[in-house]
Amino acid sequence: MNPAFWRRNNEGQPKKKKSAVREWFDAAIFAIIAATLIRTFIFEAYTIPTPSMEKTLLVNDFLFVSKISYGPRIPMTPLAVPFTHHTLPFTKYSKAYSEAVQWKYRRLPGFSDVERYDVVVFNFPEGDTVALEQQEQSYYQLVRFYGRDNVWEQNHVTARPVDKRENYIKRCMAIPGDTLSIKEGVVYVNGAQAPIPQESERRYWVKTTGDPLNPVRLDELDIDPNPAGVFDSALFRYDLTPGMADLLKTWPVVKEVRPFVRTATQEIQVFPHDTANYKWTEHNFGPLYIPKKGATVQLSSTNISIYDRIISVYEGNKLEEKNGQFYINGKPSSTYTFKMNYYWMMGDNRDNSLDSRFWGFVPEDHVVGKAWLIWMSYGHGSIRWNRLFRTIR
């Protein structure tokens with residue numbers, strides 16, 4: 001094409017004006033692209049759906065989650081409907097994405113790595129398989145309780161790629177290479193007691209003189225006036241922060257306030273779901289090594305229940321056991337070297353949180369971002385003005 005000829009033949013002709021529909025269409029496309037890039041690489045909005053982080057984070061706190069803190073994760077399932085996660089709006093079973101294209105895990109550089117005690121958003125590690133009628137529960141926990149055949153008969157079961165699994169938010173209590181233990185409900189990392197978040201809750205026994213606690217006063221102190229358990233006219237269980245517990249001890253009607261600790265020694269729902277070798281509870285747990293990329297562990301019949309999911313699911317190997325010998329990808333192996341870093345996540349509301357104590361490690365490729373700022377909060381029928389624009393610690 002001759003540019004001079006083109007200019008000469010178009011001189012004097014008015015530029016064709018876009019129709020209003022075309023202008024709106026172009027603006028919408030630009031907005032979708034810009035918003036998608038922001039959500040993917042800078043920050044994303046998130047809503048707290050459960051009380052597992054009370055009182056640090058409350059139900060119906062609206063957050064901004066920073067993607068650049070740990071480095072934006074490149075989408076692994078790029079073909080998806082914009083502004084959806086895993087299910088199309090107003091549907092129960094329709095996927096909002098296609099698995100025709102799957103990219104390997106990659107992450108752009110960030111400002112830092114995940115650090116101890118950060119509040120982190122991540123994809124639910126056991127969310128690779130989901131019973132759609134009971135999405136709030138772990139599919140594997142359902143199978144352990146009811147059996148695989150019953151779960152499949154009563155639910156629509158589907159598989160999800162890593163970046164389309166349910167989003168969870170917890171506090172990182174241990175990073176790769178740490179050793180974690182829990183004693184009487186208190187967390188220890190590398191032998192030292194972990195700091196207790198000021199606004200964290202746990203369950204306490206509250207023993208009174210025989211009279212119930214005043215529900216009006218409890219509500220004024222932001223304590224749920226309905227106890228988590230009532231055992232007789234003088235013994236109750238409440239979810240309290242350390243400060244609330246100290247305050248209740250000063251009430252004349254209260255005789256004793258002490259932490260609730262589960263005493264059962266066998267709980268199949270607690271990781272690694274191996275009661276023959278690990279008689280752990282959510283209050284007395286470990287010690288447990290948190291895997292670090294490049295570290296090597298010896299495999300045995302005792303510890304294989306801790307590492308089998310890492311080897312076979314998170315890192316994509318074929319793991320078999322024959323006559324007491326382990327085979328990885330067909331080769332006999334007595335050790336395993338980790339390909340990724342792993343983290344240990346727990347809710348601040350320790351007795352009301354489905355966290356790593358129940359399903360184990362969080363692989364690095366599941367990490368979404370760092371909880372950064374509460375931009376809106378709503379509860380008790382009104383806006384919680386004192387929580388707006390509060391940074392998360």
Side-chain angles (χ1 to χ4, degrees), residues 46-63 117 119 136 169-171 173 182-187 193-264 281-284 346-355 357 371 373-393:
Y46 182 81
T47 307
I48 299 297
T50 69
S52 70
M53 287 293 290
E54 301 258 1
K55 294 277 196 286
T56 304
L57 297 172
L58 306 180
V59 174
N60 290 331
D61 275 352
F62 295 82
L63 319 178
Y117 318 127
V119 179
E136 71 284 355
I169 184 168
K170 308 289 179 186
R171 190 178 296 277
M173 297 304 297
I182 304 173
K183 302 174 184 177
E184 302 292 307
V186 179
V187 178
Q193 181 178 330
I196 299 174
Q198 185 177 4
E199 296 300 317
S200 66
E201 284 189 341
R202 66 172 297 182
R203 199 151 287 172
Y204 287 82
W205 292 112
V206 178
K207 188 174 183 179
T208 73
T209 56
D211 299 315
L213 302 182
N214 186 329
V216 176
R217 288 198 64 192
L218 290 175
D219 191 57
E220 290 173 351
L221 297 172
D222 202 22
I223 300 173
D224 187 348
N226 300 307
V230 179
F231 297 87
D232 58 40
S233 61
L235 188 60
F236 308 87
R237 274 206 317 238
Y238 283 94
D239 293 330
L240 307 170
T241 66
M244 293 172 179
D246 290 340
L247 183 59
L248 286 187
K249 291 177 184 178
T250 66
W251 289 17
V253 74
V254 175
K255 296 178 65 177
E256 182 185 21
V257 178
R258 57 185 171 86
F260 164 72
V261 176
R262 193 177 300 280
T263 57
T281 73
E282 68 264 41
H283 293 133
N284 288 286
M346 293 177 62
D348 283 1
N349 189 349
R350 294 290 163 77
D351 295 313
N352 194 18
S353 173
L354 180 65
D355 54 35
R357 293 170 295 174
L373 180 76
I374 301 171
W375 63 273
M376 174 59 74
S377 184
Y378 187 85
H380 300 295
S382 63
I383 295 174
R384 304 181 185 113
W385 294 101
N386 63 326
R387 297 188 63 79
L388 269 57
F389 303 107
R390 177 188 294 188
T391 56
I392 299 167
R393 293 175 291 181

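Looking only at atom types and distance, the side chain of Asp348 has no donor-acceptor partner in the side chain of Ser200 under 3.5 Å away. No hydrogens or angles considered: a donor-acceptor pair under 3.5 Å links the side chains of Ser52 and Lys170.
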Side chain to side chain contact (heavy atoms under 4.5 Å, CB included) evaluation trace for Met53 with Thr50:
CA-CA 8 Å; Met53 287 293 290; Thr50 69; over 6 Å; no
Between Leu63 and Leu373, is a side chain to side chain contact (heavy atoms under 4.5 Å, CB included) present by the stated rule, with each step listed?
CA-CA 5 Å; Leu63 319 178; Leu373 180 76; over 6 Å; no
Let's go through Leu218 and Leu248 carefully: what are the C-alpha distance in whole Å and the side-chain angles of both, what is the deciding distance for side chain to side chain contact (heavy atoms under 4.5 Å, CB included) to 0.1 Å, and is it a yes or a no?
CA-CA 9 Å; Leu218 290 175; Leu248 286 187; 4.2 Å; yes
Full working for side chain to side chain contact (heavy atoms under 4.5 Å, CB included) between Val254 and Leu213:
CA-CA 8 Å; Val254 175; Leu213 302 182; 3.7 Å; yes
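Atom CG of Asn349 sits about 11.5 Å away from atom CG of Leu57, to the nearest 0.5 Å. Between atom CD1 of residue Ile392 and atom CD1 of residue Ile169 there is a gap of 6.0 Å, rounded to the nearest 0.5 Å. Between the CZ atom in Phe260 and the CH2 atom in Trp205 there is a gap of 6.0 Å [rounded to 0.5 Å]. Put simply, CZ on Arg387 and CD1 on Ile374 are 4.0 Å apart, with the number rounded to the nearest 0.5 Å. Rounding to the nearest 0.5 angstrom, the gap separating the CG atom in Leu221 from the CG atom in Leu240 is 10.0 Å. Going from atom NZ of Lys255 over to atom OG1 of Thr209 covers 7.5 Å, rounded to the nearest 0.5 Å.
Not counting sequence neighbours, the partners of Arg258 by the salt bridge (charged side-chain N to carboxylate O under 4.0 Å, His left out) test are Glu256.
Judged by distance alone, the side chain of Arg171 and the main-chain N or O of Tyr117 form a donor-acceptor pair under 3.5 Å. One N or O on the side chain of Arg357 and one on the backbone of Arg350 form a donor-acceptor pair closer than 3.5 Å.
Val206 and Tyr238 make their closest contact through CG2-CD1, 3.8 Å (heavy atoms, listed as atom of the first residue, atom of the second, distance). Counting all heavy atoms, side chain and backbone alike, Thr208 lies closest to Ser233 at OG1-O, 4.0 Å. Here the shortest heavy-atom pairing between Pro51 and Val59 reads N-CG2, 3.7 Å. When all heavy atoms of Phe236 and Pro212 are compared, the closest pair comes out as CZ-CA, 4.1 Å. Residue Arg262 comes nearest to His283 through the heavy atom pair N-ND1, 2.7 Å, listed as atom of the first residue, atom of the second, then distance.
Listed by first and then second residue, the side-chain hydrogen bond (donor to acceptor under 3.5 Å, both in side chains) pairs involving residues 374-383 are Asp61-Ser377, Ser377-Arg384 (not counting sequence neighbours). Within the structure, salt bridge (charged side-chain N to carboxylate O under 4.0 Å, His left out) contacts touching residues 198-217 (residues at least two apart or in different chains) are Lys55-Glu201, Arg203-Asp239.
Taking the side chain as every heavy atom from C-beta outward, Ile182 and Asn284 never approach each other to under 4.5 Å.
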